[in-house]
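Read through the structure below, which is laid out as structure tokens, and then see the notes.
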Amino acid sequence: MLDIRFIRENPEAVRAGIAAKRSEDVVDQILDLDKERRTIIGEVEQLKSRRNTVSEEIAGLKRTKQPADDKIAEMKGVSDDIAALDQRLREKELALNLLMDTVPNMPHSSVPIGNDAKDNVEVKRWSPNGDDSLFEKRAGLDHLALAEKHGLFDFKRGAKIAAAGFPVYMGRGAQLERAFINFMLDLHTRSHGYTEVLPPFFVNATSLRGTGQFPKFADQVYHMPADELYAIPTAEVPVTNLYAEEMIPVEALPLLHCAFSACFRREAGSYGKDTRGFLRVHEFNKVELVKFTLPENSYEEHEKLTADAERVLELLEIPYRRIICCTGDQSFGNSKQYDLEVWSPVEGAWLEASSCSNFEDFQARRANIRFKRDAKSRPEFVHTLNGSGLATSRLMVAFLETYQEPDGTIRIPEVLHPYLPFTSIA
RNA sequence: GGAGAGGUGGCAGAGUGGUCGAAUGCGACGGUCUCGAAAACCGUUAAGCUCGCAAGGGCUUCGAGAGUUCGAAUCUCUCCCUCUCCGCCA
């Protein structure tokens, strides 16, 4: 959510940001409602002020046992007027908030203007020893064939016991998945300074609104109406909301958390697109990185967070690239977004394995996450950042294809040996 | 699932329908004292909205919502949450 005062004072800048993000321009409606709202506030508060004054006079008269009947009679109508104005005010505020929720975060000045993914800009490419030949399409079994050959996953039985898009990991496939997760958690907690969190996988609607999934993406989240709970689409939701409505001690900033969770996404409307195997699933596993920072440090922390995610791929020696998402492709709530894409040599395609975003104070304002610079200063909103570090599903695809030998054996890189009871899948 | 207790300021914890945004304690901040610190003493100590160039003013907030009343932290109703005990259970 943006600051209403910022919109009031910079309507043209907001209009430009909305246009760059390909969102609907509601600035005029917001300004109108804001004006009406403030007019009503002026009227109703004048009445309330009068009521308070007279109430005190009545109290004074009662205390000295003097009659106050005429003043009481005078106030009877005033309270009704106040109630009517309060009602109108609530209606205006409700309408205003609904619109405010649809305004995206403003893109940072360093983000390229663009329409869609085609306008994203590659800013970095990495492969072991800088070997560019690794970015070529190669012959070999794709991840589904490899999984079949070695009995790593069971998509059919996943569909039987749940639904299509809910993978089952079997045997060495399950162990490999667990090794990825443990490896990433250990890296981020031991080498990158993050504190581990294992959050609930269900949250309430307030939390989803806090991080920006609601109201815009409500149809993408699994809902359990009997208990009014929602399955998390990412650990970003529970972890960011840990400090909702709180004042974080300034000395605790920056606050760094990493969290493993399963992630649940309905992917409504995307049927038929990239549906094979792990390319698009309803449930997947992810280690998420979340930061709470001082406003002036968030862009520096964004670079570090992205580098922390990249480190996973570098240690696993998986070729990847970093792209900066253009204004039309970045997400609703963030101001700057890097995507990390792993190279899938058999698909011959880049697969998104991570998305690292700076939300500035957009989520912090919605969730009311604040800090004070010192005891005397006013509270300010922190900046929140998050990024996958990483999601395992696309990583698994690239990993299996990258590490297959000519005979279909999958070699396990040394960095994972401490996490597995085998060094190859043959 | 059943029974009970409770939700008040950063924390702890009082509160009679009317000088209650709220006693008191702790903490924090500023000051006196000190070479410095501790102790002691004095003072300050919420947030949001709104009007105003500012100084400053106004309004709201005692878990949430509704009600009674001229007036609600205080009375009534509904809901939410926390804790304790019993039952069941991974």
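A note on names: the letters A, B, ... follow the listed sequences, proteins ahead of strands, and every chain is numbered from 1.
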### Query
Given that both distances must come in under 3.5 Å, which nucleotide forms a Watson-Crick or G-U wobble pair with B/U82?
B/A5
#### Entry: Distance, P atom - from B/G43 to B/G25, rounded to whole angstrom
11 Å
### Task
For the pair A/R8 and A/D3, find out whether any cationic side-chain nitrogen is under 4.0 Å from an anionic carboxylate oxygen.
no
### Message
Both distances below 3.5 Å, Watson-Crick or wobble geometry, any strand: find the nucleotide opposite B/U44.
### Response
B/A28
### Earlier contact from the 5' end, RNA chain B, for A/P379 and A/I72
A/P379
### Task
State which residues pass ring pair (Phe, Tyr, Trp, His ring centres under 6.0 Å) with A/F180; sequence neighbours excluded, sorted by chain then number.
A/F399
### B/G30 and B/C83, which share atom name C1', separated by this distance in whole Å
39 Å
### Query
For B/C88, which nucleotide in any strand shown is its Watson-Crick or wobble partner with both distances under 3.5 Å?
none
### Task
For B/C20 versus B/A73, give the span between their C1' atoms, rounded off to a whole number of Å.
8 Å
### Task
Answer yes or no: does atom CZ of A/R88 have more than 12 heavy-atom neighbours from other residues, nucleotides or ligands under 6.0 Å?
no
### Query
Which base, if any, makes a Watson-Crick or G-U wobble pair with B/C33, both distances under 3.5 Å?
none
### Task
For A/R5, report the nucleic acid contact type (base, sugar-phosphate, nothing); a contact means any heavy atom under 4.0 Å.
sugar-phosphate
### Task
Could you measure between the two P atoms, the one in B/U16 and the one in B/C75, and give it in whole Å?
8 Å
#### Entry: Separation of the C1' atoms in B/G67 and B/U84, to the nearest angstrom
32 Å
### Task
Under 4.0 Å from any heavy atom of chain A: name the first and the last nucleotide of RNA chain B that qualifies, 5' to 3'.
B/G18 to B/G71
### Query
Are side-chain heavy atoms of A/V312 and A/H188 found at a separation under 4.5 Å?
yes
### Query
Does any nucleotide pair with B/U76 by Watson-Crick or G-U wobble geometry, both distances under 3.5 Å, and what is it?
B/A66
### RNA chain B: 5'-proximal contact among A/A59 and A/R378 (nearest heavy atom)
A/A59
### Query
So what does A/K76 touch, heavy atoms closer than 4.0 Å: a base, only the sugar-phosphate, or nothing?
sugar-phosphate
### Query
Salt-bridged, A/R373 to A/E380, with N to O below 4.0 Å?
yes
### Task
For A/R365, report the nucleic acid contact type (base, sugar-phosphate, nothing); a contact means any heavy atom under 4.0 Å.
nothing
## Note on the structure
Residues passing the side chain to side chain contact (heavy atoms under 4.5 Å, CB included) test with A/L208, sequence neighbours excluded, are A/V203, A/Q213, A/F214, A/V221, A/Y230, A/P233, A/V237
### Query
What interatomic distance, in whole Å, is found between P of B/G9 and the corresponding atom of B/A64?
10 Å
### Message
Strictly by Watson-Crick or wobble contacts shorter than 3.5 Å, is anything paired with B/U16, and which nucleotide is it?
### Response
none
### Query
Charged N to carboxylate O below 4.0 Å: is that the case for A/R209 and A/D101?
yes
### Task
Determine, for A/Y403 and A/R411, whether the Lys NZ or Arg CZ falls below 6.0 Å from the six-membered ring centre while staying within 45 degrees of the axis.
no
### Interatomic distance at P, B/A66 relative to B/G2, whole Å
28 Å
### Query
Expressed as a whole number of Å, how far does the C1' atom of B/A14 sit from that of B/G1?
37 Å
